[in-house]
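Here's the structure we're looking at; comments come further down.
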Amino acid sequence: LFTQENAQPLQTPIMDKMGINMAQYDFLYSIYAFPNIIMPLIGGFLNLKYGYNLCLILFFILMVIGMGLQVLAGFASNYLLLLGGRFVFGIGAETMFISHKVGLGKWFEKREISTAFATVYSVAILGSATNSTFTPMIY
């Protein structure tokens with residue numbers, strides 16, 4: 001969740017550097033969410049057809065490309081590139097979580113699966129909280 005939530009602790013620097021208003025800043029979260037209205041369903045079908053290992057790699061590559069676009073947008077102060085990066089990152093991230101859950105389901109037995117899901121979720125929330133706390137201090 002670090003990269004997904006990274007826009008939140010950097011709100012002020014992003015708005016200042018790119019010269020955007022609050023509505024434009026909020027759109028960074030909307031553009032991330034729009035493809036995920038349908039992509040998790042598509043990702044589920046892709047997992048069935050090609051297997052979760054291949055899908056994990058494919059969706060991770062999309063996340064890396066999306067994050068790379070966001071980094072370039074930061075250096076170039078290019079809001080449209082930042083939106084594009086958030087969009088591509090969103091396609092990869094949420095769909096990768098579907099593949100991740102499929103993998104957990106294959107690795108753990110029925111009585112262990114809830115603990116596995118809870119552990120993964122807790123670590124993700126810990127990363128998000130750490131990001132929100134320390135990134136503004138570092139930046």
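Bear in mind the structure is a predicted one, so any value in this text is a computation, not a measurement.
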remark   = The side chain to side chain contact (heavy atoms under 4.5 Å, CB included) partners of Phe87 (sequence neighbours excluded) come to Ile31, Pro35, Ile91
key: Taking every non-hydrogen atom, the tightest pair across Ala73 and Leu82   = CB-N, 3.3 Å
note = With sequence neighbours left out, the residues meeting side chain to side chain contact (heavy atoms under 4.5 Å, CB included) with Leu126 are Thr130
message = Any non-hydrogen side-chain atom of Phe27 less than 4.5 Å from a side-chain atom of Leu83?
response = yes
request  = Please test Leu54 against Phe59 for side chain to side chain contact (heavy atoms under 4.5 Å, CB included), starting from the C-alpha separation and ending with a verdict.
outcome  = CA-CA 9 Å; Leu54 180 62; Phe59 300 136; over 6 Å; no
query = Can you tell me how far the CG atom of Leu58 sits from the CE atom of Met96, to the nearest 0.5 Å?
reply = 11.5 Å
message = Tell me the closest heavy-atom pair linking Leu69 and Gly85, and the distance in Å.
response = CB-CA, 3.6 Å
key: Minimum heavy-atom distance between Phe89 and Met63, given as atom pair plus value   = CD1-O, 3.3 Å
ask   = When you look at Leu56 and Val102, which way does the side chain to side chain contact (heavy atoms under 4.5 Å, CB included) test go after all the steps?
value = CA-CA 10 Å; Leu56 277 171; Val102 171; over 6 Å; no
Whether Asn36 side chain and Gly90 backbone form a donor-acceptor pair below 3.5 Å = yes
ask   = Shared ILVMFWY cluster between Leu72 and Val64, side chains joined below 4.5 angstrom?
value = yes
key: side chain to side chain contact (heavy atoms under 4.5 Å, CB included) partners of Ala116, counting only residues at least two apart   = Leu104, Phe108
ask   = Is there a side chain to side chain contact (heavy atoms under 4.5 Å, CB included) between Arg86 and Met67 once you walk through the steps?
value = CA-CA 7 Å; Arg86 291 286 292 172; Met67 185 50 64; over 6 Å; no
key: Those residues that, when tested against Leu41, pass side chain to side chain contact (heavy atoms under 4.5 Å, CB included) (two or more places apart)   = Ile38, Phe45
request  = Mind listing the closest non-hydrogen atom pair of Asn78 and Leu80 along with its distance?
outcome  = OD1-N, 3.1 Å
Sequence-distant partners of Asn47, side chain to side chain donor-acceptor pair (under 3.5 Å), two or more places apart = Ser99
key: Side-chain touch Gln24/Met15, heavy atoms, less than 4.5 angstrom   = no
query = How would you list, by chain and number, every residue that makes a side chain to side chain donor-acceptor pair (under 3.5 Å) with Tyr52, sequence neighbours excluded?
reply = Trp107
remark   = One should read off an interatomic distance between Gln11 CD and Asp16 CG, to the nearest 0.5 angstrom, of 10.0 Å
task = Could you please spell out the steps behind the side chain to side chain contact (heavy atoms under 4.5 Å, CB included) verdict for Glu94 and Met39?
result = CA-CA 8 Å; Glu94 298 299 325; Met39 279 307 297; over 6 Å; no
task = Supply the atom-to-atom distance Gln70 CD to Tyr32 OH, rounded to the nearest 0.5 angstrom.
result = 9.5 Å
ask   = What is the distance from atom OG of Ser77 to atom CE of Met18, rounded to the nearest 0.5 Å?
value = 5.5 Å
remark   = Between the CZ atom in Phe117 and the CD atom in Glu112, the distance rounded to the nearest 0.5 Å is 12.5 Å
ask   = Is the shortest heavy-atom distance from the side chain of Ile42 to the side chain of Leu46 under 4.5 Å?
value = yes
